[in-house]
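Taking it in order: structure first as structure tokens, then the write-up.
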Amino acid sequence: MDWMDVKAVAAGSGEQAPREPAPRDAAGAVPVLGPIEGLLDSLNPPQRAACEHEEGPLLILAGPGSGKTRVITHRIVHLLTTGRARPDEILAITFTNKAAREMRDRVEKRLGGTKGLWISTFHSLCARILRRDAEALTGYTRDFSIYDTGDRNLLLKRLIKELGFDPKRFRPAVVGGWISNLKNRVAADGLRLDSDGGMEGEVYDKVRRAYEAAMRENNALDFDDLLLKVLELFDEHPGIRDNYSRRFRFVMVDEYQDTNRVQYLLTQHFASHHGNLAVCGDPDQSIYAWRGADIRNILDFEKDYGAAELVRLEQNYRSKGTILAAASAVIAHNNARKAKDLWTEDEDGERIAVLECGDENDEAREIAMQIQGFVGRGGSYGDMAIFYRANFMQRAIESALRLARVPYQIVGGLEFYSKREIRDLVAYLRLVVNPADDVAFERVVNVPARGVGATSLARLSEWARGCGVSLVVAARSSEALEAIRGRAKKGLAEFSALIEQLVSLREASPAVVLDFLLEEFNRERWLREMDDGSGTDDREANIDELRAHAEEYDRLHPDAGLRGFLEEVALVSDTDNMESDVAKVTLMTLHSCKGLEYPYVFIAGVEEELLPHARALAETMDPDAGLEEERRLFYVGMTRARERLFLSHAGTRLFFGESRWTRKSRFLEEIPGELVEGGRPDLEEDEALGAYEPREVDAGLAVGQVVVHDHFGTGTILQLTGSGVNARAVVDFVHHGTKQLLLQYAGLSPAS
DNA sequence: AAATCCGCGTTTTTT
DNA sequence: ACGCGGATTT
């Protein structure tokens, strides 16, 4: 980590005379500075070479922890401050919003602003282009809706039924996955679909056609369309394509190993005019083949773009030697791979620990205990992260952390925007912007309840289809309403009136529209209506959060309006809710952890079937490829760790409510050298726990006493053992049976 | 049309 | 174990 001050070579990075300061395109644009003295001094030679590379293609092969993001941001800053480019001539593309934000922050730190720079994900970049140029696509307007997977499946289900197929046999999610897959690869293999069964394939294809037609009618695009339509736009309107490729004189793509065919072609378009394309990535960290990423894109880069400069970043500044060696040894088991030598100047550090646990709860508890131990010895929660292969594993870990009073945050997982109340409100907003959005209409026409049920809706749909109009238009037509009975008729009229009012607020700020809606709904009644017994507090809080989010958005983007807000909501999932400088342990899937680093990393569930995931081995593609991608995933997880790495596995684990025996992962055998088995590698239990400040435990607890526990509720103490930090109680809980608890974590209090 | 009950699939990963 | 959607009842 000290490499920054290793060399203090005087500034002399071959600066040329800065060009005439370019005219700024807007007030508050990035200030055009002179060259920053010594900007590149802190970089090692290859890093520096990557930053100084000027025109033409550049491939940066960057191992984990090799300062890749640093290089990209420095390169941007370098381009700007030497006057080689204006902010609005630079396009940097990332895969996740997290990465985009990180990059923007870092540039901002150096320049004090990022106005005019385009740093975004493929998806938001494309959405932005389409907002501008959608009219050039037949059938679409700039008010298009963006459908997420849920919306897509809802529409598919309706279509499958309408076409007379059984949605059980042809499940919307499966058909949708198939369509998505097709779109991601479409440009590679042409439109030919290689369906297995002739009959099945035909159905799939019929549904697909109906889906595309319906999407057009709804003025809606799904995630894949965002990219695909831009490709279409560029293909059909070379003029538009040229505008962009001339405008962005420098294009950069991060995590290039994760690009799919469509993204590959888009990139090509963006660079078509000048060839100033810098991509960076690491084939060993390619973990998205399952959704169409094609590792050949990065492997063939030099072939695709002749005379590309190649820079390899192989010095690792992140992990202790032992961790790096272990990760390297694991990844070396992949055959389809070019060998690579990562090295570090750092010391070896502590050995990697393997935690063998009973079941998933023991595992979670063990991790929690480790964490408390380290915090007791001066560690900070914010320095620790727990990774797992699949989201369901989150549960056990979460509850153990709660019990142990470990503060945590979860990245991704259950999404904010998939919550009922949020989806409904958002659907209203969508309908206001894009009245052709029938999926949104169906979602909210009876929210809150207006007596409009399935049958009336079916009648309305039928009429609408007959006339070729949207549901909103149909609902306004007295002719359409003739076929509908009293209660529902009145409801539809109410709904129409509401939409009409909302449409007049079309240009208002998102928060204003939300307020109007909530007022209109009678918030309390609506909440009560949604109550499923768990109370309305959470939903209420979610609504407030959405409102706050809308307000914040409006403040930052005063001119973006509803359209902009909806785009953000559709594309910025709350995977991005991660707070980085906060005293909380961070939980996430192995896929989400890419690009991050933590001093202490725990990887849970390092087991066969789970870490090489069974489905990755069994399914579709060739099993070796599946296994190797799993290995890369593990590699990505391991290389996030700076100081300490903990790998845990449980003897049994609950799947679908059924406890199953497990075997430890073959990947563990691939780690050379000695692993510390079990227990706490460098602490005795007492030491670990003693360091953690105990809460007062003996507060008059006695056998036979009735006590209350945060999580398990009321119970009776059957037995008390141990003392001090080892004091335990066996408690028979009314609803949860008998548990043994460590008093210092349990927080038992006498029942009142 | 709304409320309740039952059966089924779910859990690989994400924009 | 759990939640969703569909079928059943009220």
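Computation of the quantities below employed the complete heavy-atom set of this structure, encompassing side-chain atoms and omitting hydrogens, waters and symmetry-equivalent molecules. Every chain is numbered from 1, with letters handed out A, B, ... down the list of sequences.
No donor-acceptor contact under 3.5 Å links the side chain of Arg291(A) to the base of dT13(B).
Listed pair Thr589(A) / dT14(B) meets the phosphate criterion, a side-chain N or O lying under 4.0 Å from OP1 or OP2. Side-chain N/O atoms of Ser592(A) include one lying less than 4.0 angstrom from OP1 or OP2 on dT14(B). OP1 or OP2 of dT10(B) sits under 4.0 Å from a side-chain N or O of Arg171(A).
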| note | Scoring nucleotides 1-10 of chain C by protein non-hydrogen atoms under 4.0 Å (B base, S sugar-phosphate only, - none) yields BS--SS----
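For Asn446(A) and Asp224(A), each mapped to the nucleotide of DNA chain B holding its nearest heavy atom, the one lying further toward the 5' end belongs to Asn446(A). Residue Ala449(A) is the one, among Ala449(A) and Tyr288(A), whose nearest nucleotide of DNA chain B lies closer to the 5' end (criterion: closest heavy atom).
The side chain of Phe392(A) sits closest to dT11(B) out of dT15(B), dA1(B), dT11(B). Each of dT15(B), dA1(B), dT14(B) was ranked by its minimum atom distance to the side chain of Thr455(A); first place goes to dA1(B). Set against dA2(B), dT13(B), dT11(B), the side chain of Phe655(A) has dT11(B) as its closest nucleotide.
Remark: Arg128(A) qualifies as a cation-pi partner of Trp118(A) under the 6.0 Å distance and 45° angle criteria applied to the six-membered ring. Geometrically, Arg450(A) does not engage Phe495(A) in a cation-pi contact defined by less than 6.0 Å to the ring centre and at most 45° from the axis.
Between Tyr288(A) and Trp290(A), the ring planes are tilted. Angles from 30° to 60° get that label. Ring geometry for Phe234(A) versus Tyr244(A): interplanar angle of 30 to 60°, hence tilted. A tilted orientation is assigned to the rings of Phe565(A) and His549(A), their planes being inclined by 30° to 60°.
The aromatic ring of Phe95(A) does not stack onto the base of dT15(B), failing the criterion of a centre distance under 5.5 Å from the six-membered base ring together with planes under 30° apart.
Regarding Phe122(A), its CZ atom lies at a distance of 15 Å from the C1' atom of dT14(B), rounded to whole Å. Between the C1' atom of dT11(B) and the CD atom of Glu609(A) lies a distance of 13 Å, rounded to the nearest Å. Going from atom CG of Leu492(A) over to atom C1' of dA1(B) covers 13 Å, rounded to whole Å. Taking atom CG on Asn97(A) and atom C1' on dT15(B), their separation rounds to 8 Å, with Å as the unit. Note: CG (Leu226(A)) to C1' (dT14(B)) measures 14 Å, nearest angstrom. Summarising the geometry, the separation between CG on Leu266(A) and P on dT15(B) is reported as 18 Å, rounded to the nearest angstrom. Put simply, CZ on Arg128(A) is 18 Å from C1' on dT15(B), counting in whole angstrom units. Between the CD1 atom of Ile129(A) and the P atom of dT15(B) there is a distance of 19 Å, given to the nearest Å.
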| Nucleotide pairing, DNA chain C (Watson-Crick or G-U, distances under 3.5 Å), in dot-bracket with [ ] and | | ||||||||||
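Here the side chain of Asp437(A) pairs no donor or acceptor atom with the backbone of Asn434(A) at under 3.5 angstrom. The backbone N or O of Ala449(A) sits nowhere less than 3.5 Å from a side-chain atom of Asn446(A) that would complete a donor-acceptor pair.
If you check every strand for non-hydrogen atoms under 4.0 Å, Ser124(A) touches nothing.
Between the side chains of Arg152(A) and Tyr211(A), no donor-acceptor pair is found at a separation under 3.5 Å.
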| Trace of the side chain to side chain donor-acceptor pair (under 3.5 Å) decision for Tyr147(A) with Asn218(A) | CA-CA 10 Å; Tyr147(A) 281 8; Asn218(A) 287 0; 3.2 Å; yes
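The distance from the SG atom of Cys280(A) to the CE atom of Met252(A) is 10.0 Å, given to the nearest 0.5 Å.
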